[in-house]
Undergrad: 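Below you'll find the structure I mean.
Both backbone and side-chain heavy atoms feed into the values below; hydrogens, waters and symmetry mates do not. Note that this is a predicted model, so its numbers are computed, not measured.
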Amino acid sequence: MEQLSIVIGLLVAHLLGDFYFQPTRWVESRNTKHLQSPALYLHALLHGVLALIALLATSAITVLTTKESGLADIDFTALLMVAGGILISHFVIDAIKSYAKSTTLAFAIDQAAHIGVIVILWALLTAQIEPLFKQILLINHQHLALLLAYLIILKPTSIFIKQLLSPWSKELDEHAKPKTVSTLVQLPIQNTLAMAGQRIGYLERLLILTFVLLNQFAAIGFLLAAKSIFRFGDLTKSEDKKLTEYVLLGTLTSVVITVAVGLTARWYIGKL
């Protein structure tokens, strides 16, 4: 537990440095000037300092609460090397990211890289590198079953529901064709709304599958009730009741598939 407090401290330092102590002007400067931006160097230095503070604080607390010899047992050289590693790695990762487009994927890769470096450096510092890799390599049938379940309820389910509802969607598109506004203006808006609906479906199924795996079926009812409240106004104001049928059919199909996948995954895991 004492070793885990060190990695938690480093992750807290990372969150503070990346999201709370980084002004917007630093991000803008880094994305426009790249390696010539002073903000890039300041940001990396800030992370190094915060990491060192976190390491000193957690190490001191660990030593003082477990040993009587006190701060003399702290390896300051090792802590400086870890903080320096975080500083350099953060600089390199953010420098590379400054050339990438500002997308969700780029953000996720950036954060995963930072966290990965922190975990590896922590494992080296605390001599946990071998147990860490053993844990990573311990992939069993249960993990694969869970991975398969989550993969099924995302894009494959989305494509299946889209194909299932295609007769209704074509009918709705015909009914909603603009009469006074240019179709070229409407198409980008329709595509954006379609993508938003797809993302909502992903999140909905992720939550439902997680609730099924945790045996929290009451939470599924709460989720569906909350969604119904948000959509109630649109559906009751709709002159064409086909929209109501379309939304209900899509939602119920999504729920049935996800619950079925979740129950199957639970049954399979229980059989192992």
Undergrad: So, Gln22 side chain and Asp18 main chain: donor-acceptor pair closer than 3.5 Å or not?
TA: yes
Undergrad: Please say whether more than 12 non-hydrogen atoms of neighbouring residues, nucleotides or ligands are located less than 6.0 Å from OH in Tyr99.
TA: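 Correct, the count exceeds 12.
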Undergrad: Test His114 against every option in His47, His90, His14 by the side chain to side chain donor-acceptor pair (under 3.5 Å) rule and name the one that passes.
TA: His90
Undergrad: Do Leu56 and Phe76 have side-chain heavy atoms sitting under 4.5 Å apart?
TA: yes
Undergrad: Okay, side chain of Ser158, backbone of Lys155: is any donor-acceptor separation there less than 3.5 Å?
TA: no
Undergrad: Minimum heavy-atom separation for Ile93 to Ala113, with atom names?
TA: CD1-CB, 3.7 Å
Undergrad: Can you list, pair by pair, the side-chain donor-acceptor contacts under 3.5 Å of residues 32-39, counting residues two or more places apart and other chains?
TA:
residue, atom, partner, partner atom, Å
Thr32, OG1, Glu28, O, 2.8
Thr32, OG1, Ser29, O, 3.2
His34, ND1, Ser98, O, 3.3
His34, ND1, Ser98, OG, 3.1
Ser37, OG, Ser29, OG, 2.6
Ser37, OG, Ala39, N, 3.3

Undergrad: Could you tell me whether Phe160 atom CZ has more than 12 heavy atoms of other residues or ligands within 6.0 Å of it?
TA: no
Undergrad: In the structure I gave you, are the side-chain heavy atoms of Val119 and Leu10 within less than 4.5 Å of one another anywhere?
TA: no
Undergrad: Check whether any side-chain heavy atom of Ile161 sits under 4.5 Å from a side-chain heavy atom of Leu249, and report yes or no.
TA: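 Sidechains of Leu249 and Ile161: no contact.
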Undergrad: At their closest point, which heavy atom of Leu165 faces which heavy atom of Gly250, and how far apart are they?
TA: CD1-CA, 3.6 Å
Undergrad: Please give me the minimum heavy-atom distance between Leu213 and Ala265, naming the atom from each residue.
TA: CD2-CB, 4.1 Å
Undergrad: Taking all non-hydrogen atoms of both residues into account, name the closest pair between Gly85 and Leu121 and its distance.
TA: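 So the two residues come closest at C-CD1, 3.9 Å.
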Undergrad: Can you pull out every side-chain hydrogen bond (donor to acceptor under 3.5 Å, both in side chains) where at least one residue sits in residues 208-217? Sequence neighbours excluded, please.
TA: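 Passing the test, one end in residues 208-217: Tyr150-Thr210, Asn215-Arg266.
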Undergrad: Less than 4.5 Å apart, any side-chain heavy atom of Ser5 and any of Ile61?
TA: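 Side chain of Ser5 against side chain of Ile61, heavy atoms only: no contact under 4.5 Å found.
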Undergrad: Any non-hydrogen side-chain atom of Trp122 less than 4.5 Å from a side-chain atom of Ile86?
TA: no
Undergrad: Looking only at the aromatic ring of each residue, does the gap between the centers of Phe217 and Phe211 stay below 6.0 angstrom?
TA: no
Undergrad: Determine whether Asn31 and Lys97 make a side-chain contact, defined as any pair of heavy atoms from C-beta on separated by less than 4.5 Å.
TA: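 When only atoms from C-beta onward are counted, Lys97 and Asn31 do not touch, as no gap falls below 4.5 Å.
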Undergrad: Less than 4.5 Å apart, side chain to side chain, heavy atoms only: is that true for Leu124 and Val82?
TA: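 No, side chains not in contact.
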Undergrad: Kindly indicate whether the side chain of Val261, heavy atoms from C-beta on, has any atom under 4.5 Å from the side chain of Leu148.
TA: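 Contact flag for Val261/Leu148 side chains = no.
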Undergrad: Is there a side chain to side chain donor-acceptor pair (under 3.5 Å) between Arg205 and Thr258? Walk through the geometry before answering.
TA: CA-CA 6 Å; Arg205 290 193 292 275; Thr258 309; 4.7 Å; no
